[in-house]
Amino acid sequence: MFRFFSAMAVYVVLIFLSTWIFRHQHPGGAIAYTIAVLPAIPLLAVLVVVGLYLIEQTDEFEKTVTIQSMLWGIGGTLALSTVLGFLELYVSIPHLPRYFDFAIFWFVVGIATPIVRLRYR
Amino acid sequence: MNNRLKVLRAERNWSQADLAQKLEVSRQSVNAIETGKFDPSLPLAFRLAKLFGTTIEAIFLEEGPESG
C-alpha cells in the first residue's frame, strides 16, 4: 500500500508540474514530449507495484481475488472504451482522453473486488 | 470441492481464524476453502494435510459419480 500511495503522490506532483510547465513555459521539441510523458511514469509504476504484490502475496486466495478483479477491470475498460469509440465515431459524443482508461480500470477493479470476494463466501 | 475441514477443525476446537493463522493465510481463505468455493493448490492442500496429521484424500472428497 505504501508503494501504491507513493506512486500516486508522485503522480499528483507530476500532473501539476506538467500542467504548469505547459501553461507557463510552452516547451517544444523533445523536452515537450518528455514533460508530457512524465505523469504517465508513476501510473506505469502502479502497474509494477501491483505485479510485485502478486509475486509477493503468499495467500493464494487473496491473489486469486486480485487477479479476477483485475480481469474484470481489463474487460470493463475494453468494453467501455470500445463502446465509447464507436459512439465518438458515429454520433460525435465528446472525446474521452485515453488517460481516463487508467482511472476507469481501477474504478471497475474497485467495484469488482467486493463482488468477487462475495462469490467465495 | 467437498471437504472435511469443518469437522477436522471442530475436533481440535480451532476457529477459522486459528486455522488461518496456522496456515499463514487470511480467514477468508479458510472460509472459501471450507465452503468448497475455492480449491486450494496442491502445496496448500499438503500443508493442510500435514497440519491435521492426515492425507489430502482424507480431507478433500472427490465429487461426481466416481466418488460413490
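In what follows, chains are A, B, ... by sequence order, proteins preceding strands, each numbered from 1.
By the neighbour-count criterion of 12 heavy atoms within 6.0 Å, atom CG of L54(A) is densely surrounded, having more than that number from other residues, nucleotides or ligands. F4(A) CZ: more than 12 foreign heavy atoms inside a 6.0 Å radius. F22(A) CZ: more than 12 foreign heavy atoms inside a 6.0 Å radius.
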Below 3.5 Å only, please: all the donor-acceptor pairs between chain B and chain A, one per line.
{"residue": "S26(B)", "atom": "N", "partner": "D59(A)", "partner atom": "OD2", "Å": "2.5"}
{"residue": "S26(B)", "atom": "OG", "partner": "D59(A)", "partner atom": "OD2", "Å": "3.1"}
{"residue": "S26(B)", "atom": "OG", "partner": "E62(A)", "partner atom": "OE2", "Å": "2.9"}
{"residue": "S29(B)", "atom": "OG", "partner": "D59(A)", "partner atom": "OD1", "Å": "2.7"}
{"residue": "S29(B)", "atom": "OG", "partner": "D59(A)", "partner atom": "OD2", "Å": "2.9"}
{"residue": "K37(B)", "atom": "NZ", "partner": "R121(A)", "partner atom": "O", "Å": "2.1"}
{"residue": "S41(B)", "atom": "N", "partner": "E60(A)", "partner atom": "OE2", "Å": "2.5"}
{"residue": "S41(B)", "atom": "OG", "partner": "E60(A)", "partner atom": "OE1", "Å": "2.7"}
{"residue": "S41(B)", "atom": "OG", "partner": "E60(A)", "partner atom": "OE2", "Å": "3.2"}

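At a threshold of 4.5 Å between side-chain heavy atoms, the hydrophobic network of Ile, Leu, Val, Met, Phe, Trp and Tyr places W14(B) and V25(B) in one connected group. Taken together through direct or relayed side-chain contacts under 4.5 Å among Ile, Leu, Val, Met, Phe, Trp and Tyr, L43(A) and V50(A) form part of one hydrophobic cluster. With hydrophobic clusters built from ILVMFWY side chains whose heavy atoms lie under 4.5 angstrom apart, L71(A) does not share a cluster with I115(A).
Neither the backbone nor the side chain of P43(B) comes within contact range of chain A, judged by heavy atoms closer than 4.5 Å.
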